[in-house]
Amino acid sequence: MQVASGRFKQRAHDGLENPVLRNALLKSQGKFVVTRQQAFDELGNLGELRAAAAAVRDHTLERLDTYLTRFETEVRKAGGEVLWAQTAEDVQRLLHDICARHGVRLAVKSKSMVTEECEVNQALETAGIEVVETDLGEYILQLANEPPSHIVAPVVHKTKEEVAALFERHHGRPRLHDIPALCREAREVLRPKFLAADLGISGANFIIAETGTALIVTNEGNGRLATTLPRVHVAITGIEKVVPTLEDAALLLRLLTRSATGQPITNYVSLLTGPKRASDPDGPEHFYVILVDNGRSKLLGGELQPILRCIRCGACMNHCPVYQNVGGHAYGWVYPGPMGAVLTPSFVGLENARDLPDASTLCGACAAVCPVNIPLPDMLRQLRVQRMEKRLRPWTERAALKLWSWLAARPHIYGIATALAARLLHCFGGKTGLLHRLPFASGWTDGRDLPAPQGHTFRELYKQERQT
Amino acid sequence: MNARDAIFARIRQTLQTTDASAMETHLARHARGPLPTLSADLVTRFRECATRLESTVAGPLTAAEVPAAIARYLDEQKLPRRVVSWPGMASFDWKSAGVEIETRPARGDDLIGVTGVFCGIAETGTLMLLSGAQTPPTVSLLPETHIALLPVARIVAHMEDGFDLLRKEHGSVPRAINFVSGPSRTADIEQTVTLGAHGPYRVLIILTTG
């Protein structure tokens, strides 16, 4: 997917000025926030679960090589194959090879953010292979030729009227007006694709080292169909998704589904291990797992390592005041919201996503709801520091900060300068005491007035207090 | 250097240890995370949770009563009395209940699938199904109606108990373990929950005894 994260500000403005999007976000946010809260209230031991989940994720990340090696061994024992990809191009090449080897002409996909990251669809289509997204939301986006705007609810930005219009145009059937009928039509259109597909592509929410298993959660059943009916199944996921045991996966599942949609469990949780066995009447004949690095290993051992704990539940964006106003497309790449604002600069380079560390009020809501205790605001602050060190801010800002630090290191001059500035601004404020415009800070005063300083500076008041 | 070696080299650069003993200890323990406490008895809990996830729960019935109960359900739902089922189900007396049965993996146009289950999970009202020669997963997936027979003695508290049972009875994992919690659903359009996406529209769970 092309990186447009460098234009966050413009795209955020576009989002703010789109009433359909604002309305859709307002409706969905209420649902996500309330259902999540209810689900955890019922469970009762959220704090304990989060600590345990974070500990399991850390334990595995600290031993990533041994766990990945074990996973690979177990997949092989089950008759499957693990393939390794350093980059998106590697993933595309591996898929091309698999398609050529098995004569694949039609591929069905269940929802996967890593395949968005690696532009799998475009790559396969270029090679003449038909690719069909089968998650309802992703299918709608494929018809609309748009990227997802949320990692769990990809089509959160669209209304049912927009979906009905798309279906009418692409299916050549009469316009539908209610949601169940739209879902029924999608099922009818997609069922023959499942039955005819040669290849099923899925992500994996977790991979389990103990058994060599790819675990997939879905509600629609498309994940099950895509991994049961076609001759070949390829699961594509990040190297950080490995967990040690079935029990560890169960622990993380309790948090994942509740954090994502408020469900105690998704309709389907499928644990897939290897191709069909000799006596199995159904299931794929070939089973591959492509493990993707694409920037993840660089994060190990650094200050941003905790982002690798992320289980992609989307709770951080559902609770983020910035995401909820500008929408997911503003972030300009695959992963939106606070987790995206941390991941995107790490994956595509801070210079290509220099505004994303500002896509946050640092209110801390994301950290408060994160099921694996990722300190997202701290990381955004860390990225702001890196950005300054890499000189990725405008020279005016850097010069201003330099001047300020020079002044701040000289208390006497600082006192004189601030007293002078306060007096000046007070005069400019006039009768209203408000500044309509400020040089070098028009971004701030374009939308509101700055109250002019009144009376004395803090230092002057402090001095007076001491004397009396 | 191939991709695998390059990735492992980068990982190892940053790690404190490449000693596998901590992993071996962790894998051997199968430690469980914090579990919710279940207040009601397991059958009641299972019934409540499964119902909340839009499954219909019937019974407990004896095995002999099952075919007639299925026939009644199909009539109520205005569905044909023609089902596809796991091979093991052929021994029931379907004939006198007036139900036509075929035992085979399901096809895209089958309307009703009847299966057993490996066990039931009380915590969430979930069915645990294993793939295998006698238990093809398509039967619980392709038809619009899924009917599952669950012996009450096979209801365990948590998913973790299901895994223990699997280790005890099978030793290793099958190709597919499917946890099923009600009819398939989607909320992708306007976050409005709609039952019946790509999998079954309805799930009937019949509890059985004996």
Side-chain angles (χ1 to χ4, degrees), chain A residues 28 31 43 45 48-49 52 59 62-67 84-86 90 136-137 153 155 159-160 163 179-180 182-183 187 191 195 210-211 213 219-222 224-225 228 239 244-247 250-251 264-265 267-274 276-277 279-283 293 297 300-301, chain B residues 2-4 6-8 10-18 20 22-23 26-27 30-34 36 49 53 104-105 108 124 126 131-133 136-138 141 158-160 163 173-192 194 196-200:
Chain A
S28 69
K31 286 182 189 169
L43 201 63
N45 58 348
E48 216 188 330
L49 274 168
H59 165 89
E62 282 156 18
R63 295 163 186 80
L64 197 55
D65 60 336
T66 50
Y67 276 110
W84 302 85
Q86 294 198 71
D90 282 359
L136 178 60
V155 69
T159 62
K160 72 166 189 269
V163 176
I179 294 173
L182 289 166
C183 296
R187 177 190 172 106
R191 181 56 75 94
L195 294 167
E210 172 192 14
T211 49
T213 298
N219 280 314
E220 297 182 5
N222 62 317
R224 278 188 72 188
L225 287 163
T228 307
I239 52 170
T245 62
L246 294 168
E247 283 76 8
L251 160 68
I265 187 167
N267 273 78
Y268 302 108
V269 177
S270 300
L271 285 78
L272 305 161
T273 314
K276 75 188 240 185
R277 312 288 156 85
S279 60
D280 282 349
D282 45 21
D293 183 338
S297 61
L300 284 168
Chain B
N2 66 28
R4 185 187 187 284
I7 292 170
F8 274 88
R10 268 199 303 277
I11 293 172
R12 287 190 179 124
Q13 254 176 21
T14 65
L15 297 180
Q16 310 287 321
T17 166
T18 49
M23 173 181 81
H26 187 100
L27 290 178
H30 292 297
R32 298 177 175 193
C49 292
L53 298 177
R104 55 168 169 78
T124 45
T126 297
S131 68
T138 43
L141 178 61
H158 306 288
M159 193 179 266
E160 287 86 340
F163 292 140
V173 294
R175 180 192 75 78
I177 304 171
N178 285 301
F179 290 96
V180 176
S181 309
S184 70
R185 68 184 66 202
T186 178
D188 273 345
I189 305 178
E190 296 189 354
Q191 277 53 61
T192 303
T194 308
H198 293 294

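Chain letters run A, B, ... following the sequence lines, proteins first, then strands; residues in each count from 1. The shown structure was predicted, so the numbers you read here are calculated from the model rather than taken from an experiment.
For the residue pair B/Ala176 and A/Leu272, the shortest heavy atom distance occurs at CB-CD2, 3.8 Å. The minimum heavy-atom distance between B/Pro136 and A/Pro281, with the atom names listed, is CB-CG, 3.7 Å. The nearest pair of heavy atoms linking B/Leu27 to A/Glu210 is CD2-CB, 4.1 Å. Scanning all heavy atoms of the two residues, the minimum distance from A/Arg187 to B/Ala197 falls at NH1-O, 3.0 Å.
Heavy-atom distances place both the backbone and the side chain of A/Ala250 under 4.5 Å from chain B. With a 4.5 angstrom heavy-atom cutoff, B/Thr126 touches chain A only via side-chain atoms. Using a 4.5 Å cut-off between heavy atoms, A/Leu246 contacts chain B through both its backbone and its side chain. Both the backbone and the side chain of A/Lys160 have a heavy atom closer than 4.5 Å to some heavy atom of chain B. Proximity to chain A (any heavy atom under 4.5 Å) is restricted, for B/Thr194, to the side chain, taken from C-beta onward. B/Ala187 does not touch chain A: none of its heavy atoms, backbone or side chain, sits under 4.5 Å away. Looking at B/Pro200, both its backbone and its side chain come within 4.5 Å of chain A, counting heavy atoms on both sides. With a 4.5 angstrom heavy-atom cutoff, A/Asn219 touches chain B via backbone and side-chain atoms both.
At a threshold of 4.5 Å between non-hydrogen side-chain atoms, the residues A/Glu220 and B/Asp188 count as touching. Proximity of A/Leu251 to B/Pro34: side-chain heavy atoms (C-beta onward) are separated by under 4.5 Å at one or more points. With contacts defined as side-chain heavy-atom distances shorter than 4.5 Å, the pair B/Arg175/A/Thr213 does not qualify. Residues B/Val180 and A/Tyr268 have side chains in contact (heavy-atom distance under 4.5 Å, counting atoms from C-beta outward). You'll find the side chain of B/Pro137 reaches within 4.5 Å of the side chain of A/Asp282, heavy atoms only. Side-chain contact between A/Ile265 and B/Leu53 is present, with heavy atoms from C-beta onward closer than 4.5 Å. Looking at heavy atoms from C-beta onward, A/Leu271 lies in side-chain contact with B/Phe163 at the 4.5 angstrom threshold.
The backbone N or O of B/Gly108 lies less than 3.5 Å from a partner atom in the side chain of A/Arg191, making a donor-acceptor pair. At least one donor-acceptor pair closer than 3.5 Å links the side chain of A/Asn267 to the backbone N or O of B/Gly182.
Heavy-atom pairs under 4.5 Å with chain B peak, among A/Thr228, A/Asn222, A/Thr273, at A/Thr273. Each of A/Ala153, A/Gly283, A/Ala52 has some count of heavy-atom pairs under 4.5 Å with chain B, and the biggest count is that of A/Gly283. Ranked by non-hydrogen atom pairs under 4.5 Å with chain B, the options A/Asp90, A/Thr159, A/Leu43 are led by A/Thr159. Listed options A/Arg277, A/Lys31, A/Arg224 were ranked by heavy-atom pairs under 4.5 angstrom with chain B; first place goes to A/Arg224. The choice from B/Pro105, B/Gly33, B/Ala22 that makes the most heavy-atom pairs within less than 4.5 Å of chain A is B/Ala22. Among the candidates B/Thr192, B/Thr124, B/Asn2, B/Ile177, the residue making the largest number of heavy-atom pairs closer than 4.5 Å to chain A is B/Ile177. Interface remark: of the candidates A/Thr245, A/Ile179, A/Val155, A/Ile179 forms the most heavy-atom pairs closer than 4.5 Å to chain B.
A/Cys183 SG to B/Ile189 CD1: the interatomic distance, rounded to the nearest 0.5 Å, is 4.5 Å. Atoms CG and CG, from B/Leu141 and A/Leu225 in turn, are 4.0 Å apart once rounded to the nearest 0.5 Å. The line from CG of B/Asn178 to OG of A/Ser270 is 4.0 Å long, rounded to the nearest 0.5 Å. Distance check: A/Leu136 CG to B/His198 NE2 gives 6.5 Å after rounding to the nearest 0.5 Å.
Evaluated for a side chain to side chain donor-acceptor pair (under 3.5 Å) with A/Glu247, the options B/Arg32, B/His30, B/His158 yield exactly one hit, B/His30. When each of B/Arg10, B/Arg4, B/Arg12 is tested with A/Asp65 by the rule salt bridge (Lys or Arg N to Asp or Glu O under 4.0 Å), just one qualifies, namely B/Arg12.
Under the side chain to side chain donor-acceptor pair (under 3.5 Å) criterion, B/Ser184 pairs with no residue at all, not counting sequence neighbours. In terms of the salt bridge (charged side-chain N to carboxylate O under 4.0 Å, His left out) criterion, A/Asp280 has no residue partners (sequence neighbours excluded).
Between B/His26 and A/His59, the ring-plane angle classifies as parallel under the 30° and 60° cut-offs.
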Exercise. Begin with the C-alpha distance, continue with both residues' side-chain angles, and end with the deciding distance and a verdict on side-chain contact (heavy atoms from CB on, under 4.5 Å) for A/Ile239 and B/Ile11.
Key: CA-CA 10 Å; A/Ile239 52 170; B/Ile11 293 172; 4.3 Å; yes
